[in-house]
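Single-structure report; data block below.
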Amino acid sequence: MFASIFAAIVSTNNDSSAYLPIVLQFLVVASVIVVIIIGTHFLGPKRSTKKKLENFECGIAEEGNARQPLAIKYFLVAILFVLFDVEVVFFYPYAVNFKTLQWQGLGAIGMFVGIFLIGYYYIIRKNALQWED
(Lines give C-alpha, C1' and ligand atoms only; values in the text may rest on other atoms or scores of the structure.)
Protein backbone atom coordinates (compact mmCIF):
# COMPACT_ATOMS: atom_id res chain seq x y z
CA MET A 1 0.00 0.00 0.00
CA PHE A 2 2.67 2.49 1.05
CA ALA A 3 4.88 1.43 -1.85
CA SER A 4 2.17 2.29 -4.37
CA ILE A 5 1.58 5.69 -2.76
CA PHE A 6 5.32 6.39 -2.74
CA ALA A 7 5.63 5.30 -6.37
CA ALA A 8 2.75 7.59 -7.35
CA ILE A 9 4.35 10.54 -5.60
CA VAL A 10 7.76 9.91 -7.15
CA SER A 11 6.48 9.29 -10.66
CA THR A 12 4.04 12.22 -10.86
CA ASN A 13 6.18 15.08 -9.60
CA ASN A 14 9.89 14.99 -8.98
CA ASP A 15 10.12 18.80 -8.84
CA SER A 16 11.04 20.27 -5.47
CA SER A 17 9.13 23.49 -6.25
CA ALA A 18 5.92 21.64 -5.38
CA TYR A 19 6.97 21.81 -1.73
CA LEU A 20 7.49 25.59 -1.77
CA PRO A 21 3.99 26.44 -0.40
CA ILE A 22 4.48 24.03 2.49
CA VAL A 23 7.88 25.51 3.35
CA LEU A 24 6.49 29.05 3.14
CA GLN A 25 3.58 28.15 5.40
CA PHE A 26 5.97 26.58 7.91
CA LEU A 27 8.14 29.70 7.92
CA VAL A 28 5.14 32.02 8.40
CA VAL A 29 3.80 29.92 11.29
CA ALA A 30 7.22 29.70 12.96
CA SER A 31 7.76 33.46 12.65
CA VAL A 32 4.30 34.22 14.09
CA ILE A 33 5.05 31.97 17.07
CA VAL A 34 8.40 33.67 17.69
CA VAL A 35 6.85 37.16 17.40
CA ILE A 36 4.06 36.27 19.83
CA ILE A 37 6.44 34.80 22.42
CA ILE A 38 8.87 37.71 22.24
CA GLY A 39 6.05 40.28 22.11
CA THR A 40 4.34 38.99 25.23
CA HIS A 41 7.65 38.98 27.08
CA PHE A 42 8.38 42.63 26.31
CA LEU A 43 4.84 44.04 26.27
CA GLY A 44 3.32 42.12 29.19
CA PRO A 45 3.12 43.46 32.75
CA LYS A 46 5.95 42.56 35.12
CA ARG A 47 4.39 43.25 38.53
CA SER A 48 4.67 40.19 40.75
CA THR A 49 2.73 40.76 43.96
CA LYS A 50 1.97 38.29 46.74
CA LYS A 51 -1.67 38.17 45.68
CA LYS A 52 -0.77 37.40 42.04
CA LEU A 53 1.57 34.57 43.05
CA GLU A 54 -1.09 32.74 45.11
CA ASN A 55 -2.81 29.68 43.69
CA PHE A 56 -6.12 30.44 42.02
CA GLU A 57 -8.95 28.38 43.50
CA CYS A 58 -11.94 29.69 41.54
CA GLY A 59 -12.87 32.12 44.30
CA ILE A 60 -13.54 29.34 46.81
CA ALA A 61 -11.50 29.23 49.98
CA GLU A 62 -9.14 26.28 50.22
CA GLU A 63 -10.48 23.45 52.29
CA GLY A 64 -8.54 20.39 53.42
CA ASN A 65 -5.87 18.43 51.61
CA ALA A 66 -6.14 17.99 47.84
CA ARG A 67 -4.20 14.72 48.03
CA GLN A 68 -7.05 12.59 49.40
CA PRO A 69 -7.31 9.18 47.75
CA LEU A 70 -10.13 8.58 45.28
CA ALA A 71 -12.20 5.44 45.20
CA ILE A 72 -10.81 2.67 43.00
CA LYS A 73 -14.22 2.49 41.28
CA TYR A 74 -13.51 5.84 39.62
CA PHE A 75 -10.28 4.56 38.06
CA LEU A 76 -11.93 1.29 37.07
CA VAL A 77 -14.71 3.08 35.21
CA ALA A 78 -12.17 5.38 33.54
CA ILE A 79 -10.05 2.45 32.35
CA LEU A 80 -13.11 0.56 31.11
CA PHE A 81 -14.28 3.65 29.22
CA VAL A 82 -10.92 3.96 27.48
CA LEU A 83 -10.94 0.25 26.66
CA PHE A 84 -14.39 0.27 25.07
CA ASP A 85 -13.81 3.66 23.45
CA VAL A 86 -10.66 2.40 21.72
CA GLU A 87 -12.62 -0.61 20.54
CA VAL A 88 -14.81 1.70 18.46
CA VAL A 89 -11.72 3.10 16.72
CA PHE A 90 -10.96 -0.35 15.33
CA PHE A 91 -14.34 -0.46 13.60
CA TYR A 92 -13.40 2.37 11.24
CA PRO A 93 -10.95 0.43 9.00
CA TYR A 94 -13.52 -2.34 8.68
CA ALA A 95 -16.28 0.14 7.79
CA VAL A 96 -14.10 1.73 5.12
CA ASN A 97 -13.04 -1.61 3.55
CA PHE A 98 -16.08 -3.77 4.17
CA LYS A 99 -16.59 -4.50 0.44
CA THR A 100 -13.07 -5.79 -0.06
CA LEU A 101 -12.90 -7.71 3.24
CA GLN A 102 -16.13 -9.62 2.52
CA TRP A 103 -16.95 -12.62 4.79
CA GLN A 104 -13.42 -12.97 6.12
CA GLY A 105 -13.53 -9.39 7.41
CA LEU A 106 -16.97 -9.94 8.89
CA GLY A 107 -15.67 -13.00 10.72
CA ALA A 108 -12.66 -11.11 12.06
CA ILE A 109 -14.77 -8.20 13.30
CA GLY A 110 -17.25 -10.69 14.76
CA MET A 111 -14.47 -12.35 16.77
CA PHE A 112 -13.23 -8.94 17.85
CA VAL A 113 -16.68 -7.95 19.12
CA GLY A 114 -17.17 -11.37 20.68
CA ILE A 115 -14.00 -11.08 22.76
CA PHE A 116 -15.08 -7.68 24.02
CA LEU A 117 -18.58 -8.96 24.81
CA ILE A 118 -17.03 -11.74 26.88
CA GLY A 119 -15.01 -9.12 28.74
CA TYR A 120 -18.10 -6.97 29.22
CA TYR A 121 -20.03 -9.98 30.56
CA TYR A 122 -17.16 -10.64 33.00
CA ILE A 123 -17.25 -7.01 34.16
CA ILE A 124 -21.01 -7.17 34.74
CA ARG A 125 -20.73 -10.50 36.63
CA LYS A 126 -18.04 -9.05 38.94
CA ASN A 127 -20.24 -5.95 39.63
CA ALA A 128 -17.39 -3.69 38.56
CA LEU A 129 -19.74 -0.94 37.42
CA GLN A 130 -21.83 -0.76 40.61
CA TRP A 131 -21.03 2.29 42.69
CA GLU A 132 -23.12 1.28 45.69
CA ASP A 133 -21.81 -1.43 48.00
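Predicted model only: the values in this text are computed from it and were never measured.
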Side-chain heavy atoms under 4.5 angstrom apart, residues restricted to Ile, Leu, Val, Met, Phe, Trp, Tyr: same cluster for [X] and [Y]?
X      : Y      : result
Leu20  : Val28  : no
Tyr120 : Val113 : yes
Leu117 : Leu106 : yes
Val29  : Val35  : no

When the side chains of residues 80-89 are checked against the rest of the protein, which donor-acceptor pairs come out under 3.5 Å, sequence neighbours left out?
none

Look up atom OH in Tyr19 and atom CG in Leu24, then write down how far apart they are to the nearest 0.5 Å.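 Reported value, rounded in 0.5 Å steps: 15.0 Å.
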
About how many Å separate CZ of Phe91 and CD1 of Ile109, when rounded to the nearest 0.5 Å?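 Spacing of CD1 (Ile109) from CZ (Phe91) equals 5.0 Å.
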
What I'd like to find out is whether the side chain of Phe98 reaches to under 4.5 Å of the side chain of Leu101, using heavy atoms alone.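 No. Closest side-chain heavy atoms not under 4.5 Å.
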
Name the one of Val34, Ile33, Val32 that satisfies side chain to side chain contact (heavy atoms under 4.5 Å, CB included) with Ile36?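 Per the side chain to side chain contact (heavy atoms under 4.5 Å, CB included) rule, the option paired with Ile36 is Val32, out of Val34, Ile33, Val32.
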
A quick test of your reading: do over 12 heavy atoms of other residues, nucleotides or ligands sit less than 6.0 Å from CZ of Phe90?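 Not more than 12 within 6.0 Å, no.
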
Where do Phe112 and Phe116 land on the ring pair (Phe, Tyr, Trp, His ring centres under 6.0 Å) test, with the steps shown first? CA-CA 7 Å; Phe112 184 72; Phe116 273 96; 5.1 Å; yes

